[in-house]
Participant: 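One structure, pasted below without further comment.
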Protein chains: 4
Amino acid sequence: MARSARKQEILQAALACFTESGVDATTIEMIRDRSGASIGSLYHHFGNRERIIAALYLEGIGEYAALLEAGLLDSLEAEACVKLFVTGYIDWVVANPEWARFILHNRGRVEAGEMGERLREFNQAHGACIAAILRRHREAGAFKAIPGECFVSVVIGPAQDMARNWLAGRSKRPLAEYRDLLAQIAWDSVRA
Amino acid sequence: MARSARKQEILQAALACFTESGVDATTIEMIRDRSGASIGSLYHHFGNRERIIAALYLEGIGEYAALLEAGLLDSLEAEACVKLFVTGYIDWVVANPEWARFILHNRGRVEAGEMGERLREFNQAHGACIAAILRRHREAGAFKAIPGECFVSVVIGPAQDMARNWLAGRSKRPLAEYRDLLAQIAWDSVRA
Amino acid sequence: MARSARKQEILQAALACFTESGVDATTIEMIRDRSGASIGSLYHHFGNRERIIAALYLEGIGEYAALLEAGLLDSLEAEACVKLFVTGYIDWVVANPEWARFILHNRGRVEAGEMGERLREFNQAHGACIAAILRRHREAGAFKAIPGECFVSVVIGPAQDMARNWLAGRSKRPLAEYRDLLAQIAWDSVRA
Amino acid sequence: MARSARKQEILQAALACFTESGVDATTIEMIRDRSGASIGSLYHHFGNRERIIAALYLEGIGEYAALLEAGLLDSLEAEACVKLFVTGYIDWVVANPEWARFILHNRGRVEAGEMGERLREFNQAHGACIAAILRRHREAGAFKAIPGECFVSVVIGPAQDMARNWLAGRSKRPLAEYRDLLAQIAWDSVRA
DNA sequence: TATGAATGAGTCTTCATTCAT
DNA sequence: TATGAATGAAGACTCATTCAT
C-alpha cells in the first residue's frame, strides 16, 4: 500500500499538515504546497481527501502493529510480554509523535468512513494475534481474573493517557522517563 | 455561565448535533433547526460557532468536576478516594454519554481556541483541589512512590480507555459492569 | 430638523463613526455604542439608517450654506464676494473637517436616496440665492465671460481639490496656509 | 498586470456593475453574472472583493497616467503643457466616463486597503515624472509663484469639479464643450 | 502520469430592522 | 419615548473535486 515515492511524499506532507493545523483544517491545497505534488497528482494517487487520511492511518497502525507483533513472538514470559505492550507503545509514540497524535485522534473518523471495514478487519486480525499470545499466558495462570475486554485497557490505559498529555504538550517531563514505571505498574495490575 | 433558557436549549441542541454528526460536520443551521432558535439568536447569544463548542465543553467539565469534588470532600480514606475517581468517572460517563464523548474528543480544540486560557485556568483550579486531597494521603504513606504527573493517569487511564471504547460502540458489554473491577485495579495500582 | 439633544448626540456619534470607519462600514450598533442611545431609540428618532446619513448631510450643508449666505449679503464688491467663496469654504472645512469629509464624499449617495428630492430642492434654493448675487456683479461687468455652469467650479475647484487632499492626510502643510493665495487665484480667474 | 482574457472580462464586468449599482452595493454574484465567470474563477484570479476594486483602480490610473506622460514628453512649451493637463484630463474623462467616475470616488478606499502602498508608490512615481517636467518650466520663469502643493490643484481643480458634476448627470451641457475654456483659464491662473 | 484552471454547492457570519415590554 | 432580544435575508468566501491538455 502506497509504495511509490510520490505517494510517500504526499502522505508525509499530509501528516505534517495534520499535525500543524489539525485534520479538519487541512486543505488539499495545503498538502499540495507541502508535498510539491500538483492537485491532479494528489487525486491521481488517492482519489479523494478521505482516502489520504485513511491511508495514513492504516499505514501508521500497520507499522506499529508489525513492530509489536515482531517483538511479542520472541518474548515468551508473561511479564516480558505485558511490559512490552507498554514499552513498545511508549517507544513508538516517542519515535513517531506526529503519527501517534494522528492515530490517537482519528480512529473514529476512519472507522466511520469508507475504509472503516478495512480498518475493522485489520484490528480484528491484529487483535486475534495478540489474543492468541495472551491466551497462552492466561491459561498458564499468569494473570489475575480480568475480563478479556478489560485486559488491554488495564495494561495500556495509563500509558495511553500519559501519551496523550505528552503529545499535547501538557507534560512537564519527557514521556520516556516514565516508560519502565508504567510497564511495572501494568504488570502489577494484571499478574496473578 | 449560560443561564438563560434559550442558551441552554441551544447548547443541548448543539450537543445532540455533535453526537449525531460530529463536531466538524455540524453546521450552524443544523443547530438552529434542532434548537428552534433563529440564526440571529444563536449569534446573539454565542457570537460564533467556536464559542458554542467552548461553552459546551466548559459546562460539561464544570459539572463533572463539581460532582467529583463534592464526593471527594466526604470520603476521607485513601482507598475510597481513589476508587471514587474511577467509579465517579464511570458513573458520570454512563449517565452523560453524549457529554462524555464530546469532552473526550474536544479538549485539544478548546485548548487551542480563544477560550483555551479559560480552560487552562479551570483545569489548574480543579487540579489543585484534587492535588490537595491526594497530598494528604500521600504524606500519610497511603500510596506507593509514583510521580505526581503519573498518578491520575494510572488511576483513571484504564477506565478512560474503556469509556472510549464503550462510547464508540466497540464494547460487547455495558461499561457499568466493569465499574467496581476497574476501581479495585486502580486502588491496587497505587496503594503502598 | 433634529432639535432634540438626543438626536444631536446620535448625529454626532454617527459622524464620528463615519469618519473613523467609513459610511458603509459603520453599523447601527457602532452608532449605538458611541451615542449611548439604544437601538430602539435610534429607530425611534430616525426611522432607518439611510435617514441618519441624509439628516447629517442636510444639516451639514445647511450650516455651511447659511454661513456663506450670511457673509455674502454684507459684502457687496465682486472681488470680496468671489474671495469669500474660497475663504469661507476653506474656513469651514478647517473648522469642521469631519463634516467636510463626510459631505465631500456622500453627495451621490444622498442624491440617490429617498431624501434626494429634498437635497435637490435645497441646492436649487441655495444656488438661486448665490446666482442672484453673482448676476448683479456679472451684469455690472465685473467678470470675464464664463458660462454659468463653469463659474462656481472655476472659483471653488482648486480649493476643493486641496481640501480633499488635506482631509485625506495627503498634504504636507495646513490647508489654511493657502487660504488667501487660493482666494486671489480664484479672483484672478474670473475678473474681467 | 491582469493580462489573461478572463481577468479582463472580470474587471470590465466589475466596472460596469460599479457604475450601475455603486461599489458598495455591487456583490460578487453580480460580477459573476455579468462576467460569465464562476465564483470560483473570480476568487482564483483575484483572491477577494477588495482586490478586484484595487486592480481596477490601478489599471485605470495607470492607463490615464501613461496617456498623460506620453503627451507631455512631446509638448515643450509651458502653455501647451499646462493646457494638456486640462484637455488630456477632460478628453480621458469623456472617453472613459465609467472608469473616471470609479477613480474619482474610490481613491480613499484603495489607499486604505491592502494595495494602498502600491498605489502610493505609483502616485509617487507618476508625481515625480510630472514634477520633473514642470520644474523645467518653473525654473525658466514661465509660472507665477505658486507652492508646489497647490499647482496641480489650481490647474486641474476646476476641470475636476466640472467632471464630477458631468459624471453625476448634474450638467446641462456636454463636458467637452468647456474643454478649451477650462484649459485657457488654467493657463491664465499659473502663467507668470 | 502530471498539471492547474475552473466549478459551485455549502458555510459562516453580519446587520438592518421589528416589536413586545 | 426607551429598550434590546430576536429575526432571517443576504453576502463573502472556501475548498473538494473535475477535466481538458
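So that the names make sense, note that chain A is the first sequence line, chain B the second, and so on, each numbered from 1. Hydrogens, waters and symmetry mates play no part in the numbers below; they use all other heavy atoms, side chains included.
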Participant: Take B:Glu50 and C:Thr26, find for each the nucleotide of DNA chain E with the closest heavy atom, and name the residue whose nucleotide sits nearer the 5' end.
Facilitator: B:Glu50

Participant: Between C:Glu20 and C:Arg34, is there a side-chain heavy-atom distance shorter than 4.5 Å?
Facilitator: yes

Participant: Starting at atom CG of B:Asp24, determine the distance to atom P of E:dG10, rounded to an integer number of angstrom.
Facilitator: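 Spelled out: CG on B:Asp24 to P on E:dG10 is 18 Å.
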
Participant: Could you walk me through whether A:Glu50 and A:Met115 satisfy the side-chain contact (heavy atoms from CB on, under 4.5 Å) test, starting with their C-alpha distance in whole Å, then the side-chain angles of each, then the deciding distance to 0.1 Å, before giving a yes or no?
Facilitator: CA-CA 9 Å; A:Glu50 188 191 338; A:Met115 300 295 257; 5.7 Å; no

Participant: Test side-chain contact (heavy atoms from CB on, under 4.5 Å) on C:Leu15 and C:Leu11 and set out the steps.
Facilitator: CA-CA 6 Å; C:Leu15 181 54; C:Leu11 288 178; over 6 Å; no

Participant: Would D:Asn48 and D:Glu114 count as a side-chain contact (heavy atoms from CB on, under 4.5 Å) if you check the C-alpha gap in whole Å, the side-chain angles of each, and the deciding distance to 0.1 Å?
Facilitator: CA-CA 11 Å; D:Asn48 64 33; D:Glu114 55 176 333; 3.6 Å; yes

Participant: Assess whether a salt bridge exists between C:Glu9 and C:Arg6, defined as any Lys/Arg side-chain N lying under 4.0 Å from an Asp/Glu carboxylate O.
Facilitator: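 Salt bridge: yes.
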
Participant: Treating C:His44 as the side-chain partner and C:Gly40 as the backbone partner, does any N or O pair qualify as donor plus acceptor under 3.5 Å?
Facilitator: no

Participant: Do C:Arg164 and D:Arg107 have side chains that get closer than 4.5 Å, going by heavy atoms?
Facilitator: no

Participant: Rounded to whole Å, please give me the gap between CZ in B:Arg49 and C1' in E:dG10.
Facilitator: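 The answer, rounded to whole Å, is 13 Å.
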
Participant: Determine the Euclidean distance between corresponding P atoms of E:dT1 and F:dT21; express it in Å to zero decimal places.
Facilitator: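 Approximately 23 Å lies between the P atom of F:dT21 and that of E:dT1.
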
Participant: Round to the nearest Å and state the distance from B:Phe46 atom CZ to E:dT14 atom P.
Facilitator: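 About 16 Å, once rounded to whole Å.
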
Participant: Just how far, in rounded Å, is P of F:dC13 from CD1 of D:Ile28?
Facilitator: 6 Å

Participant: How close or far is atom C1' of E:dT13 from atom CZ of B:Arg51, stated in whole angstroms?
Facilitator: 12 Å

Participant: Between C1' on F:dA2 and NZ on C:Lys7, what's the gap in Å once rounded to a whole number?
Facilitator: 15 Å

Participant: In whole angstroms, how far is the P atom of E:dC12 from the CG atom of B:Asn48?
Facilitator: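 Distance check: B:Asn48 CG to E:dC12 P gives 11 Å.
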
Participant: Distance alone, cut at 3.5 Å: any donor-acceptor contact between the side chains of D:Glu59 and D:Gln8?
Facilitator: yes

Participant: Pairs counted as Watson-Crick or G-U wobble with both distances under 3.5 Å: what dot-bracket string results for DNA chain F, using | for bases tied to another strand?
Facilitator: .||||||||||||||||||||

Participant: List the atom of D:Thr26, the atom of D:Phe18, and the distance in Å for their closest heavy-atom pair.
Facilitator: OG1-CD2, 3.5 Å

Participant: Go through the steps for D:Val23 and D:Arg49 under the test side-chain contact (heavy atoms from CB on, under 4.5 Å), then give the verdict.
Facilitator: CA-CA 10 Å; D:Val23 172; D:Arg49 207 183 98 101; 4.2 Å; yes

Participant: Polar-atom pairs under 3.5 Å, protein N or O versus N or O of nucleotides 5-7 of chain F: list them with distances, or write none.
Facilitator:
from, atom 1, to, atom 2, distance (Å)
F:dA5, OP2, B:His44, NE2, 3.1
F:dA5, O5', B:His44, NE2, 3.3
F:dA6, OP2, B:His45, NE2, 2.7
F:dT7, OP2, B:Ser38, N, 3.2
F:dT7, OP2, B:Ser38, OG, 2.7
F:dT7, O5', B:Ser38, OG, 3.3

Participant: Check the distance between F:dA2's C1' and C:Arg32's CZ and give it to me in whole angstrom.
Facilitator: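 Result: 14 Å.
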
Participant: I want to verify a distance call: between E:dT17, E:dT13, E:dT11, whose nearest atom is closest to the B:Tyr43 side chain?
Facilitator: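 Looking only at heavy atoms from C-beta outward on B:Tyr43, the closest nucleotide is E:dT13.
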
Participant: Would you jot down, in residue-number order, the residues of residues 106-113 of chain C having a non-hydrogen atom under 4.0 Å from DNA chain F?
Facilitator: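 Within this stretch, nothing sits under 4.0 Å of the strand.
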
Participant: Mind checking whether A:Asn123 and A:Arg120 have side chains closer than 4.5 Å, heavy atoms only?
Facilitator: no

